[in-house]
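As structure tokens, the structure follows; a few thoughts come after it.
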Amino acid sequence: MLGRLCPRTARVAHPGEDLPRVLKARLEKLAALKERGIEPFAYSFDVTRHATPSVAAFEEREGEAADGERRRVAGRWAGRVAGFRSHGRSAFADLEDHTGRVQVYFKRDSLGEDSYSLLALLDLGDWIGVEGELFRTRTGQVTILAKDLRLLGKSLRPLPFGKVETDPGTGRAITHSGFADRESRYRQRYADLAVNPGVREVFRARTRIVTAIRRFLDDLGFLEVETPVLQPLYGGASARPFVTRHLALNRTLYLRIADELYLKRLIVGGFDRVYEISKDFRNEGIDRFHNPEFTMLEFYQAFADYEDMMGVVERLMTTAAQAAGGGFGRTFHGVEITLAPPFRRLPFVDSLAEALGTDPLDAPVNVLRARAEEQGAGDLEGAGRGKLLDRLFGELVRPGLVQPTFVVDYPKELSPLAKAKRGEPRLTERFELFVAGEELANAFSELNDPIAQRARFEDQAALRAAGDAEAQMVDEDYIRALEYGLPPTGGVGIGIDRLVMLLTGQTSIRDVILFPTLREAE
RNA sequence: GAGCCGGUAGCUCAGUCGGUAGAGCAACGGACUUUUAAUCCGUAGGUCCUGGGUUCGAUUCCCAGCCGGCUCACCA
């Protein structure tokens, strides 16, 4: 395990310590390089070519009947040495840059004795610059014939490269050995990224998704804003916060658990469409769907209701799916999922009525509690109807929501910030989007009546007093903002990490967060 | 928080029914001027997660702990 290695090997800067052989050997090479007057840590390199596009360009020109000069693909490549095969007076290296790999051929005759002897001081993981020209080897591989070699950055610690083989049948890359230990991969993401191109691709896809969402919202006239991470009161969701302290102000502040209440303040202020892609923080358990800090998209649109927002969410989802690549079809947890709109709509109460065989709004609370306990949901002491219905929904309905489904019209107690449903005051105009049994989005017609909002906050305060630690706090400043006047507004929250998981087929949130939260090592 | 599984060389892993451990790759030395999981010959590399217990002897058995994974609970 790498964790054990660290205490002894972390201090590479002090040669002479009892370092593992591999590090020692590299330090010796470093010394040899300096002795020869070669700077092992260069300042810059003028890159004119990249691996994959240059090979593509070569193959394209090869087909053309142009004259020799125009067909040449020459220049300077830079990358990391990801493979090395030495044959005495010639050698092959795999050079990997951000676009992929290209093979380099070093021949003593064309490189010269001096440069060629430098190869002996190279290691896997070194950054090198190569000047040369593409050609095709006897076995048909497009390869750089190196005319000059420059060391750009010496690698002192061995990267756990696996050997990559191309399956002749499918053409797929098979990696042997490699870097698989999940703990080490998360703790040393830099090494994980360096040796696992598939991991790099997941995070590129993540950025493509986020960029596409930004463009989508920008094009609809939404204004991207930034609201406080440090908040005097936390609200907008039900969760335990991280608590911190500002010394100069001598006051307690909370890391936000949501940005909802601030964004709606901005609608009060007259921005009619706003959004924020924010890091939110919830001081709760960690599992493969939860990380203490995670990325949330919230957007609010004046004059819209939750029906309007369902349409926006459908379009946003398909935009994101296209950005991730791979069309609308997805395999998640071994299940086929189709993200093509329109998504199914399922009333919360109807779904539960069917599962329970009774009307969830009329059934006595003790009956609901008994049914919930039957389902093995323990600790429902003091739980009100809302919490019980939510629990029952989670047990009976939610697991079956595999294809994208908007669950609509939630009970009022569950939704203190949502507007009452037209014609059914016990419900709210709220929807959640479920895919593969997981909640991806949460939205409502926002409650814009300050008097009703105060009453909801007071209901929450009562729940809180009754022992519900997740009930929300009264936010007087938010009420004041509503008193100035909030237009009818539709609002949506989308968990970006979970969306990326779905769209890239990753089964753990840690595989879509570059540096996930872990316990302290050692 | 509970249950199960795991932690052995730089990496991926095997193994020891209790007698201080192996392979492949990586590394080091050598051969090889079109290889591609290069090949061939040789060398070196270990606090077997940590602490305690049992034992003549523990990497192995027992207990506790640490870290990770999975499942469940919690996180609407």
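A quick note: this is a predicted structure, and the numbers were derived from the prediction, not measured. Letters A, B, ... mirror the listed sequences (proteins, then strands); counts begin at 1.
- For rG68(B), one of the phosphate oxygens OP1 or OP2 lies less than 4.0 angstrom from a side-chain nitrogen or oxygen of R519(A).
- Of the P atoms belonging to rG57(B) and rG19(B), the separation is 14 Å, rounded to the nearest Å.
- Residue contacts shown for V164(A) are limited to sugar-phosphate atoms, with no base heavy atom under 4.0 Å away.
- Annotation: rA9(B) and rG22(B) have their C1' atoms spaced 10 Å apart (nearest Å).
- Atom name P, nucleotides rG45(B) and rG10(B): the rounded distance is 12 Å, in whole Å.
- With respect to D192(A) and R189(A), a salt bridge is recorded, a charged nitrogen being found less than 4.0 Å from a carboxylate O.
- Atom P of nucleotide rU12(B) and atom CG of N196(A) are separated by 10 Å, given to the nearest angstrom.
- With hydrogens and angles left out, the side-chain atoms of S117(A) and R36(A) include a donor and acceptor closer than 3.5 Å.
- Rounded to whole angstrom, the span from the CD1 atom of I286(A) across to the C1' atom of rG68(B) amounts to 12 Å.
- In this structure, L23(A) atom CG and rC11(B) atom P are separated by 11 Å, rounded to whole Å.
- One P atom belongs to rG69(B), the other to rG30(B), and the distance between them is 44 Å to the nearest Å.
- Place R398(A) and T517(A) on RNA chain B by their nearest nucleotides, and T517(A) ends up nearer the 5' end.
- No hydrogens or angles were tested; on distance alone, a donor-acceptor pair under 3.5 Å links the side chain of D287(A) to the base of rC74(B).
- The separation between R510(A) atom CZ and rG68(B) atom P is 7 Å, rounded to whole Å.
- More than 12 heavy atoms of other shown residues, nucleotides or ligands fall within 6.0 angstrom of atom CD in E424(A).
- Spacing between rU8(B) and rC67(B) at atom C1', rounded to whole Å, works out to 16 Å.
- Closest to the D181(A) side chain, of the nucleotides rU12(B), rA73(B), rG68(B), is rU12(B).
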- Message: Evaluate R398(A) against E432(A) for salt bridge (charged side-chain N to carboxylate O under 4.0 Å, His left out), listing each step before the verdict.
- Response: CA-CA 11 Å; R398(A) 180 173 160 162; E432(A) 292 195 316; over 6 Å; no
- Readout for nucleotides 26-35 of chain B: B = base within 4.0 Å of protein heavy atom, S = sugar-phosphate only, - = neither; 5' to 3' it is SSS---BBBB
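- Here the C1' atom of nucleotide rA23(B) and the NE2 atom of H176(A) are 16 Å apart, to the nearest Å.
- A salt bridge links K147(A) with E133(A); the closest basic N to acidic carboxylate O contact falls under 4.0 Å.
- Of all nucleotides present, only rC5(B) satisfies the Watson-Crick or G-U wobble test against rG68(B), with each distance under 3.5 Å.
- Distances shown here put a side-chain N or O of R187(A) below 4.0 Å from the OP1 or OP2 atom of rG68(B).
- Across all strands shown, rG46(B) has no partner, as no Watson-Crick or G-U wobble contact with both distances under 3.5 Å is found.
- Residue V104(A) comes nearest to A146(A) through the heavy atom pair CG1-CB, 3.8 Å, listed as atom of the first residue, atom of the second, then distance.
- Counting only heavy atoms from C-beta on, R182(A) has its side chain closest to rG69(B) among rC74(B), rC11(B), rG69(B).
- Between E165(A) atom CD and rU39(B) atom P the separation is 11 Å, expressed in whole Å.
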- After noting the C-alpha distance and the side-chain angles of S155(A) and R80(A), does the key distance pass the side chain to side chain donor-acceptor pair (under 3.5 Å) rule? CA-CA 9 Å; S155(A) 164; R80(A) 178 175 254 143; over 6 Å; no
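- Nucleotides rC4(B) and rG46(B), compared at atom P, are 35 Å apart to the nearest Å.
- When the C1' atom of rC70(B) is taken as reference, atom CG of D511(A) falls 13 Å away, rounded to whole Å.
- In this structure, rU54(B) forms no base pair with any nucleotide, since neither Watson-Crick nor G-U wobble geometry is met with both distances under 3.5 Å.
- Two residues, G162(A) and H290(A), neighbour RNA chain B, and the one matched to the more 5' nucleotide by heavy-atom proximity is G162(A).
- Base pairing of rU35(B): no nucleotide in any strand meets the Watson-Crick or G-U wobble criterion (both distances under 3.5 Å).
- Taking only side-chain nitrogens and oxygens, R185(A) never comes nearer than 4.0 Å to OP1 or OP2 of rC11(B).
- Y478(A) and K264(A) are linked by a side-chain donor-acceptor pair at a separation below 3.5 angstrom, with hydrogens and angles left out of the test.
- If you check every strand for non-hydrogen atoms under 4.0 Å, F393(A) touches nothing.
- Distance noted for atom C1' between rA73(B) and rA14(B): 36 Å (whole Å).
- Looking at heavy-atom distances under 4.0 Å, R240(A) makes no contact with the nucleic acid at all.
- Pairing of rU20(B), defined by two Watson-Crick or G-U wobble distances under 3.5 Å, is not identified with any nucleotide.
- The side chain of S508(A) approaches rC70(B) more closely than any other nucleotide in the set rG68(B), rC74(B), rC70(B).
- For rA37(B) and rC11(B), the C1' atoms lie 15 Å apart once the distance is rounded to whole Å.
- In this structure, CD of E520(A) is placed 19 Å from P of rU50(B), rounded to the nearest angstrom.
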